[in-house]
Amino acid sequence: MSLFDQRLSEVHNRLHHKDLSVSELVDASLKRIAETDGKIGAFLTLDEEGARKAASELDSSSGERGLLFGLPAGIKDNIVTEGLRTTCASRFLSNYDPIYDATVVEKLRSAQAVTVGKLNMDEFAMGGSNENSSYHPVRNPWDTTRVPGGSSGGSAASVAAGQVYFSLGSDTGGSIRQPAAYCGVVGLKPTYGLVSRFGLVAFASSLDQIGPITKNVEDAAFVLQAIAGHDGRDSTSANVDIPDYASALTGDVKGLRIAVPKEYFGEGIDPQVKERVLEALKTYESMGAVWEEVSLPHTEYAVATYYLLSSSEASSNLARFDGVRYGVRAEDPANLLDLYRRSRSEGFGPEVKRRIMLGTYALSSGYYDAYYKKAQQVRTLIKRDFDQVFEKYDVIVSPTAPTTAFRLGEQVDDPLTMYLNDICTIPASLAGVPAISIPCGLADGLPVGLQIMGKPFDEATVLRAAHAFEGRTEFHKLRPAL
Ligand SMILES: NC(=O)C[C@H](N)C(=O)O
């Protein structure tokens, strides 16, 4: 068993008894990356020197230990790290070394985790396969001819490949959960506002959330504990009490009321994926939970609503990349307009350009009411569907993605098919509610993800339900043969 397959409590126990050092943990991470990343491509930047230095400082430190003491972590490359290159997997930011740390990075440091590097992703988090990285694609550790999902593909693949103990990803419409499902790991998108977005390069500000990717639910609870909380530097950060998530993991789901929305089991859902999810519901039944079919009637509009709103917000957020303030500047511009035009044409990849154009169109006068405003109204209807179901039920369960990981190249020229992969994850994003993906079995040797959605700020119940399932099953222990 690899060091990173041990539970956090075991690792901490060994560190405490000096049977293991932080330097050994970091060396194990760097060695595994050196051995496997040629095949996977999860990392864009490694910080070997910084990680080794942090490890030796922790080894010689005394006093109370942080929650994530000594654990090697990878960070998605759209979360800024002081002095450590942060590219968002874009050519535009190929020379960007931030002058500050994101709040989550500060929080990881104060919890004493060790950052080993920055993880590959779809450019500016736009994509569901990681093929939109301007540098190189990520490959799925279960089958390197397949995609790891996206946009946090590097974050999910690095945990699945045992390169790091945990990682951080970001989720706008499924970018933590779908890659976690494809790579057979745990991925949690918190309630909008629970985790600070300060220092997350904005894609769609009303949807973006940072969250953990881990090998098991208990670790997800610990990482969430470390990164959640109010931050005055993010105006959308919620000022709520943060419960002790680990103490919610009781293993007990007796009487838990599970809603199963029929719209998530229709056309386009792979029969084997459906089968695994129905088996998971039987497992819940055997533990004393009760489930019933419900309807979330506006589900069919979710994908269109999301791509209108997220592209509109992206077109506005990405206006800051103009070759003047950030990023690579076009050579020898004839005038200011030429500078803008060529810097943006050369800096952004095709998918980012597509979204900027879609979003600019949706926001332009004359079309605003028909597209952007209408989409905002539909978003409210989708949110209401959730509110109504949560009046009677504690959680909503569905597949995380309609299929398992597809092959590289299979959908890259077909943006619409690519967008439809988000059908199960987007509604929770639009409603702003928490959702986790956990492994629930294999289909033709590839991992299937189970999605559990919860009430706003009720991560504790989501984690409890996910953890109880893990206690009854062995799926989270399956590892790819790399
Ligand atoms: N960013 C996300 O959450 C993933 C989604 N597939 C998108 O491209 O927008």
Side-chain angles (χ1 to χ4, degrees), residues 76-79 88-90 119-134 137-138 147-156 168-183 187-190 192 195 197 200-211 213 268 302-318 348-359 362 375 379 400-403 405-406 410-412 414-437 449 451 453:
K76 189 175 178 181
D77 210 27
N78 59 350
I79 299 173
C88 294
S90 178
L119 294 162
N120 205 350
M121 53 185 282
D122 285 297
E123 185 178 8
F124 286 107
M126 298 175 190
S129 69
N130 229 288
E131 292 162 293
N132 296 338
S133 167
S134 300
V138 179
V147 304
S151 64
S152 312
S155 302
L168 292 186
S170 71
D171 190 310
T172 307
S175 272
I176 289 176
R177 291 161 284 159
Q178 181 251 28
Y182 284 7
C183 292
L188 172 67
K189 180 200 89 76
Y192 183 77
V195 175
R197 292 184 297 112
L200 171 67
V201 178
F203 158 18
S205 311
S206 78
L207 296 151
D208 299 338
Q209 264 295 283
I210 296 170
I213 297 185
V303 171
T305 303
Y306 169 84
Y307 278 94
L308 269 166
L309 294 177
S310 64
S311 301
S312 299
E313 293 184 31
S315 74
S316 160
N317 275 324
L318 270 56
F348 291 134
E351 180 62 24
V352 176
K353 287 179 185 161
R354 181 180 295 121
R355 307 256 185 137
I356 292 174
M357 286 189 280
L358 270 171
R379 183 177 187 174
T400 305
T403 65
F406 47 91
E410 203 174 300
Q411 299 187 3
V412 76
D414 183 359
L416 209 58
T417 305
M418 192 73 93
Y419 296 172
L420 285 169
N421 289 315
D422 303 334
I423 179 87
C424 304
T425 47
I426 276 175
S429 301
L430 291 169
V433 300
I436 198 169
S437 179
Q451 179 174 232
M453 300 171 260

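Start at 1 and go down the list; that is how both ligands and their atoms are numbered. None of the values given here were measured: they were computed from a predicted structure.
Where the criterion is an N or O separation shorter than 3.5 Å, residue side chain and backbone included, Phe203 fails it with respect to ligand 1. Geometrically, ligand 1 and Gly174 share a nitrogen or oxygen pair separated by less than 3.5 Å.
Listed by number with element, the atoms of ligand 1 under 4.0 Å from a non-hydrogen atom of Tyr306 are 1 (N), 2 (C), 3 (O), 5 (C), 7 (C), 9 (O). Each of the atoms 4 (C), 5 (C), 6 (N), 7 (C), 8 (O) of ligand 1 lies under 4.0 Å from some heavy atom of Gly127. Using a 4.0 Å cut-off to heavy atoms of Tyr307, the atoms of ligand 1 that qualify are 5 (C), 6 (N), 7 (C), 8 (O), 9 (O). Less than 4.0 angstrom separates some heavy atom of Met126 from each of these atoms of ligand 1: 8 (O).
In terms of modelled atom types and a separation under 3.5 Å, the side chain of Asn132 and the main chain of Met126 share a donor-acceptor contact. Listed for the Ser129 side chain is no donor-acceptor partner under 3.5 Å among the backbone atoms of Gly149. Panel note: side chain Asp122, backbone Glu131; a donor-acceptor pair is recorded below 3.5 Å. Judged by distance alone, with hydrogens and angles left aside, the side-chain atoms of Gln209 form no donor-acceptor pair with the main-chain N or O of Thr172 at under 3.5 Å.
At the top of the distance list for atom 2 (C) of ligand 1, counting protein heavy atoms only, stands Ser175 OG, 2.5 Å. Atom 3 (O) of ligand 1 has as its closest protein heavy atom Gly173 N, 2.5 Å.
With a heavy-atom cut-off of 4.0 Å, Arg355 touches ligand 1 through its side chain alone. With a 4.0 Å heavy-atom cut-off, ligand 1 is reached by the side chain of Asp422 but not by its N, CA, C or O. At a heavy-atom cutoff of 4.0 Å, ligand 1 is contacted by no atom of Tyr419, backbone or side chain.
Across Ser429, Pro434, Ser170, a single residue satisfies side-chain contact (heavy atoms from CB on, under 4.5 Å) together with Lys189, and that is Ser429.
At least one heavy atom of Ala125 sits under 4.0 Å from some atom of ligand 1.
What you find for Cys424 and Gln451 is that their closest heavy atoms are O-NE2, 2.8 Å.
Inter-residue side-chain proximity for Val433 and Tyr192 is flagged as unmet; no heavy-atom pair is nearer than 4.5 Å.
The aromatic rings of Phe406 and Tyr182 sit perpendicular, their planes meeting at an angle over 60°, well past the 30° parallel limit.
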